[in-house]
Amino acid sequence: MPIHRLVAQVIEKPWGRTDIPSHVSANDGRRIGEVWFSSEQRIDLPLLVKYIFTSDNLSVQVHPNDEQAQQHGMAGGKSECWYVLDAAPDARLGIGMCQAVTSEQLRAAALDGSIETLMEWKPVKPGSFYYIPAGTVHAIGGGVALVEIQQNNNVTYRLYDYGRPRELHLDQAVAVSVAEPYSLPDRIIALTAEERLIGSAAPFTLDIVQGQAQTSQQIKGEMSWFIPLAGTGILNGESWRPGECWLIEGEATIEILEQMSALIAQPMSPIVQQIDVPSLPRKAVRG
Ligand SMILES: O=P(O)(O)OC[C@H]1O[C@@H](O)[C@@H](O)[C@@H](O)[C@@H]1O
């Protein structure tokens, strides 16, 4: 079955860093904020994997859900999740509001900057994991390196940008914001864990998996994103290593030469997405 080593595309950002790890991308003095993994052959992929490296806060922002995005002629919305790889001692992620606020209060707070103080800022460390459903007001803070898995729709509405001269999208953002406290638990998932990180609540599943040296694992499912975080090995005859992201269409065998830790994401089938019943069998199952 086809496997694709996805192409790493470096994106400069005002909040990016000049010291991103060399196994992800070479440093050439640019302020790199994101590394996107995309396919040269397939532009219509349902998921997008990014590494995000921050030295400063990202914008306070929100994404529409599928229905809202489609009403405006876009293919779909954007829910995302973050697995923190590295974090400065004071690193924080802004996720949801401390208390529910009205649309008018949200708009006024975005305009005068007090939105920063109305948001809940969660201290994070390596292993922190958050699923950010569309509608959640959020801002990744400075001093963080994380892997983001998101629906592949580039639709971000900025509410506030700390005075940086970038475009804001206040009307659209206020219209889709669920300006309430975040209701999911704070989770810390060790790199050595074997655990489902997201299941039926999201448009995709995400697992963290381990593999011992000199063993192999079968991947099954229509499409899987293989994101190695540690180890080395061979995937259907091609070498894999951390810092890469692979798209596997169908079945593949991951051979493990050095102890593996990896994330594996799979899009949910459309039926499961629509009715969102946890007991339904997943269409894509990792072998
Ligand atoms: O608007 P800025 O600050 O550049 O941030 C944009 C970035 O925000 C993050 O929260 C994620 O949603 C990324 O996928 C997105 O690219």
Side-chain angles (χ1 to χ4, degrees), residues 1-11 17-28 32-42 45 47-53 81-87 125-129 144-150 188-198 204-267 284-287:
M1 284 295 173
I3 56 165
H4 311 270
R5 183 192 280 118
L6 296 176
V7 178
Q9 186 193 352
V10 163
I11 311 282
R17 299 217 307 239
T18 53
D19 64 345
I20 70 169
S22 57
H23 69 273
V24 179
S25 176
N27 283 295
D28 55 8
I32 295 167
E34 299 185 348
V35 178
W36 295 24
F37 292 94
S38 40
S39 165
E40 282 169 344
Q41 292 83 32
R42 301 279 314 267
L45 294 173
L47 301 183
L48 175 62
V49 172
K50 296 178 180 175
Y51 274 87
I52 295 184
F53 302 99
C81 68
W82 303 325
Y83 182 72
V84 174
L85 299 171
D86 201 9
K125 54 185 187 182
S128 292
F129 175 79
V144 178
L146 59 80
V147 185
E148 176 178 273
I149 296 97
Q150 57 156 99
I188 308 236
I189 314 248
L191 196 61
T192 51
E194 177 99 31
E195 197 169 327
R196 166 137 295 188
L197 303 185
I198 310 179
F204 51 88
T205 61
L206 184 68
D207 294 275
I208 186 163
V209 299
Q210 310 299 321
Q212 285 187 352
Q214 311 308 325
T215 63
S216 65
Q217 293 187 10
Q218 282 295 115
I219 294 275
K220 293 181 183 166
E222 276 173 39
M223 281 189 173
S224 307
W225 275 252
F226 170 52
I227 310 157
L229 300 177
T232 57
I234 312 283
L235 178 63
N236 281 14
E238 296 199 44
S239 300
W240 61 260
R241 61 168 183 78
E244 296 174 342
C245 178
W246 293 77
L247 171 62
I248 300 168
E249 293 187 87
E251 292 191 25
T253 303
I254 304 175
E255 290 172 58
I256 300 151
L257 299 177
E258 293 170 86
Q259 175 78 31
M260 174 184 81
S261 184
L263 296 171
I264 295 182
Q266 296 181 323
V285 177
R286 195 177 67 87

Is there a side-chain contact between Leu45 and Met223 in this structure, where contact means two heavy atoms from C-beta onward sitting under 4.5 Å apart?
yes
Any non-hydrogen side-chain atom of Val209 less than 4.5 Å from a side-chain atom of Glu194?
yes
Rounded to the nearest 0.5 Å, how far does CG of Leu146 lie from CG of Asp86?
10.5 Å
Contact check, side chains of Glu148 and Glu34, non-hydrogen atoms, under 4.5 Å:
no
Does the side chain of Glu40 pick up a donor-acceptor pair with the side chain of His4 at under 3.5 Å?
no
To the nearest 0.5 Å, how far apart are CD in Gln217 and CG in Leu235?
11.5 Å
What distance do Leu247 atom CG and Leu47 atom CG have between them, rounded to the nearest 0.5 Å?
9.0 Å
State which residues pass ring pair (Phe, Tyr, Trp, His ring centres under 6.0 Å) with Phe37; sequence neighbours excluded, sorted by chain then number.
Tyr51
Close side-chain approach of Trp225 and Leu206, heavy atoms under 4.5 Å:
no
Side chain proximity check, Val10 to Asp28, heavy atoms < 4.5 angstrom:
no
Does any donor atom in the side chain of Gln266 or Ser224 lie under 3.5 Å from an acceptor atom in the other side chain?
yes
What orientation do Phe129 and Tyr83 show, parallel under 30°, tilted 30 to 60°, or perpendicular over 60°?
tilted
Side chains of Pro242 and Leu229: closer than 4.5 Å at any heavy-atom pair?
no
Of the non-hydrogen atoms in Ser25 and Ile20, which two are nearest, and what is the gap between them?
CB-CD1, 3.7 Å
Reported CD1-to-CD1 distance for the pair Ile227 and Ile208, which is rounded to 0.5 angstrom
10.0 Å
Heavy atoms of other groups near Gln212 CD, more than 12 under 6.0 Å:
no
Please check: side-chain N/O of Trp240 versus main-chain N/O of Ile256, any donor-acceptor pairing under 3.5 Å?
no
Applying salt bridge (Lys or Arg N to Asp or Glu O under 4.0 Å), can you list everything that pairs with Glu244, at least two apart in sequence or on another chain?
Arg5, Arg241
Could you tell me which residues satisfy salt bridge (Lys or Arg N to Asp or Glu O under 4.0 Å) with Glu258, sequence neighbours excluded, listed by chain and number?
none
Quick check: do Arg17 and Asn27 have side-chain heavy atoms less than 4.5 Å from each other?
no
Going through the checks in order, is the side-chain contact (heavy atoms from CB on, under 4.5 Å) test met by Ile198 and Ile149?
CA-CA 11 Å; Ile198 310 179; Ile149 296 97; over 6 Å; no
Output yes when a side-chain donor or acceptor of Asp207 lies under 3.5 Å from a complementary backbone atom of Leu263, and no otherwise.
no
Non-hydrogen atoms of Gln210 and Thr192 that approach each other most closely:
NE2-C, 3.2 Å
Is there a side-chain contact between Val49 and Leu6, using heavy atoms and a 4.5 Å cut-off?
no
How far apart are the closest heavy atoms of Ala26 and Ile32, and which atoms are they?
O-CD1, 4.2 Å
Note: Ile188 and Pro126 closest approach over all heavy atoms is CG2-O, 4.0 Å
Minimal non-hydrogen separation, Thr253 against Asn236, with atom names:
N-OD1, 3.0 Å
Quick one: closest heavy-atom pair of Ala262 and Pro228, and the distance?
CB-CA, 3.9 Å
